[in-house]
Amino acid sequence: MQPRKKSRWLVLSALLAVLVLLAAACGNDDDGSSTDATAAPATAAPTAAPEPPPEPTPDPEPPEEETPAREAPVTQGPNGETASPSGEIVLTADELAQIQEGGYTAALLWHISGAFTDAVSQGARDAFAEMGIDVVVETEAGFDAAQQANDVETAMALNPDIILSLTIDPVSAAEGFRPAVDAGVQLVFLSTTPEGYVQGQEFVGVVTDDLAAMGIAAANLLGNALGGEGEIGFIFHDAPFYVTNQRDQAFKAWIEINFPGIEIVAEQGLADPAAAEDIASAMLTRNPGLNGIYAPWSAGPADGVLAALRAAGASDVAVVTMDLDTNVSLDLVEGGNIVGIAADEAYEIGRTMATEGAYGLLGKQAPPFVVVPAIEVTADNIVEAYRVSLAADPPQEVLDALGG
């Protein structure tokens with residue numbers, strides 16, 4: 001019995017092995033193709049070419065340096081004082097009443113006669129009249145320092161409380177005005193002061209025109225007349241006088257700042273006004289394309305420039321100058337070489353000086369340096385300019401040229 005059972009078990013084991021082999025064969029050949037037991041390795045993806053390194057960033061260019069903006073010229077006093085406008089020099093009603101009750105007197109000791117001095121004098125006289133102050137003497141020294149010292153002595157014999165003057169020579173004037181200082185007279189000066197004098201001690205104050213504004217006005221007049229383009233000659237006052245020096249410097253600076261299309265191709269200093277004609281003639285010879293000329297003031301320098309231009313037949317050269325005067329005013333209204341005149345308010349100078357004299361009587365501190373406005377004079381506004389500046393109409397020949 002045991003051998004039979006063993007034989008049956010062997011048969012069953014063999015049959016089972018056959019079935020297992022058949023199942024394995026069917027599972028490995030589902031699509032009728034044979035498959036190796038070990039899969040082939042996958043093909044590697046192609047390696048990408050390396051990218052080139054980035055180009056180096058160029059260093060940034062340094063920013064262009066900006067030229068610093070130039071500031072407009074500003075008027076300063078002879079010792080660097082800050083300018084105050086003349087409109088600030090006034091008396092209150094109470095101060096005016098106090099002066100009117102004082103019975104004060106004044107003396108006007110001028111350096112020279114002329115339309116400008118006449119206007120300053122008139123402004124002072126009108127202000128003194130309102131204050132009840134009598135003008136006891138008025139002199140003019142013919143621009144002679146020794147004569148001015150004599151004029152001080154003449155005035156002191158009349159015991160004035162106020163003296164208004166322009167010092168011709170600051171050095172000698174320090175001694176010439178000493179008698180007035182010692183007597184307690186209230187001194188007010190036009191433009192210049194005696195050497196060594198201290199404002200608030202020996203004198204009340206100094207009044208003049210707005211020097212920078214005068215130069216700027218002249219530059220505007222010439223620059224606009226030339227349409228902002230051209231070549232010009234610059235004749236400046238070659239002497240240490242802060243009034244003309246600042247006016248000249250302001251003109252030049254304003255041309256360079258505001259009119260870059262205008263080139264100053266010739267510069268010449270002027271010590272003697274009589275040399276202006278020769279200077280202008282030389283400028284024309286060396287610069288045949290000259291379009292304009294600046295003359296530092298009218299009576300003398302501008303007259304010489306006009307003479308040179310007329311001799312050369314240069315009717316197209318524009319000229320600008322300072323201060324109202326008959327000759328340049330007539331050329332302006334007749335359409336000649338003069339294209340504009342920078343003027344100050346001379347009448348206002350006199351009014352301001354007289355009022356500062358009253359400040360001294362009241363013990364009221366005046367600003368150290370006071371200026372009056374400037375005027376740009378053209379043919380169109382010359383009548384009004386004369387009235388504002390000189391408190392008078394233009395000379396009759398100028399009015400005749402205007403058709404009036």
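Just so it is clear, the structure is predicted and the values come from calculations on it, not from any experiment.
Glu175 CD: 12 or fewer foreign heavy atoms inside a 6.0 Å radius. Atom CZ of Arg310 sits in a crowded spot, with more than 12 heavy atoms from other residues, nucleotides or ligands closer than 6.0 Å.
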List, one per line, each side-chain donor-acceptor pair under 3.5 Å for residues 357-378, sequence neighbours excluded.
unit_1, atom_1, unit_2, atom_2, d
Tyr359, OH, Val90, N, 3.3
Tyr359, OH, Val90, O, 3.0
Lys364, NZ, Val90, O, 3.4
Lys364, NZ, Glu95, OE1, 3.1
Lys364, NZ, Glu95, OE2, 3.3
Glu376, OE2, Asn220, ND2, 3.2
Thr378, OG1, Asp380, N, 3.3
Thr378, OG1, Asn381, OD1, 3.4

Show me the side-chain donor-acceptor pairs of residues 96-110 shorter than 3.5 Å, one per line, residues at least two apart or across chains.
unit_1, atom_1, unit_2, atom_2, d
Gln100, NE2, Glu130, O, 2.9
Trp110, NE1, Glu138, OE2, 3.3

Could you pull out all donor-acceptor pairs under 3.5 Å where a side-chain atom in residues 287-295 meets a protein atom, sequence neighbours excluded?
unit_1, atom_1, unit_2, atom_2, d
Asn287, ND2, Met283, O, 3.1
Asn291, OD1, Glu231, N, 2.8
Tyr294, OH, Asp248, OD1, 2.6

### Task
Carefully, step by step, assess Asp400 and Gln396 under the rule side-chain hydrogen bond (donor to acceptor under 3.5 Å, both in side chains).
CA-CA 6 Å; Asp400 291 343; Gln396 188 58 49; 2.8 Å; yes

### Task
Output, in order, the C-alpha distance, side-chain angles, deciding distance and verdict of side-chain contact (heavy atoms from CB on, under 4.5 Å) for Met322 and Ile341.
CA-CA 5 Å; Met322 306 277 188; Ile341 304 166; 5.9 Å; no

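Every residue meeting the salt bridge (charged side-chain N to carboxylate O under 4.0 Å, His left out) condition with Glu267, not counting sequence neighbours, appears here in chain and number order: Lys252. With sequence neighbours excluded, no residue satisfies ring pair (Phe, Tyr, Trp, His ring centres under 6.0 Å) with Phe116. The ring pair (Phe, Tyr, Trp, His ring centres under 6.0 Å) check on Trp297 picks up His237, with sequence neighbours excluded.
Among Glu356, Arg351, Glu348, the single residue meeting the side-chain hydrogen bond (donor to acceptor under 3.5 Å, both in side chains) criterion with Ser86 is Glu348.
Side-chain contact check for Tyr386 and Ser329: at least one donor-acceptor pair (N or O, by modelled atom type) lies under 3.5 Å. Side chains of Ser389 and Glu345: a donor-acceptor N/O pair is absent below 3.5 angstrom, by distance only.
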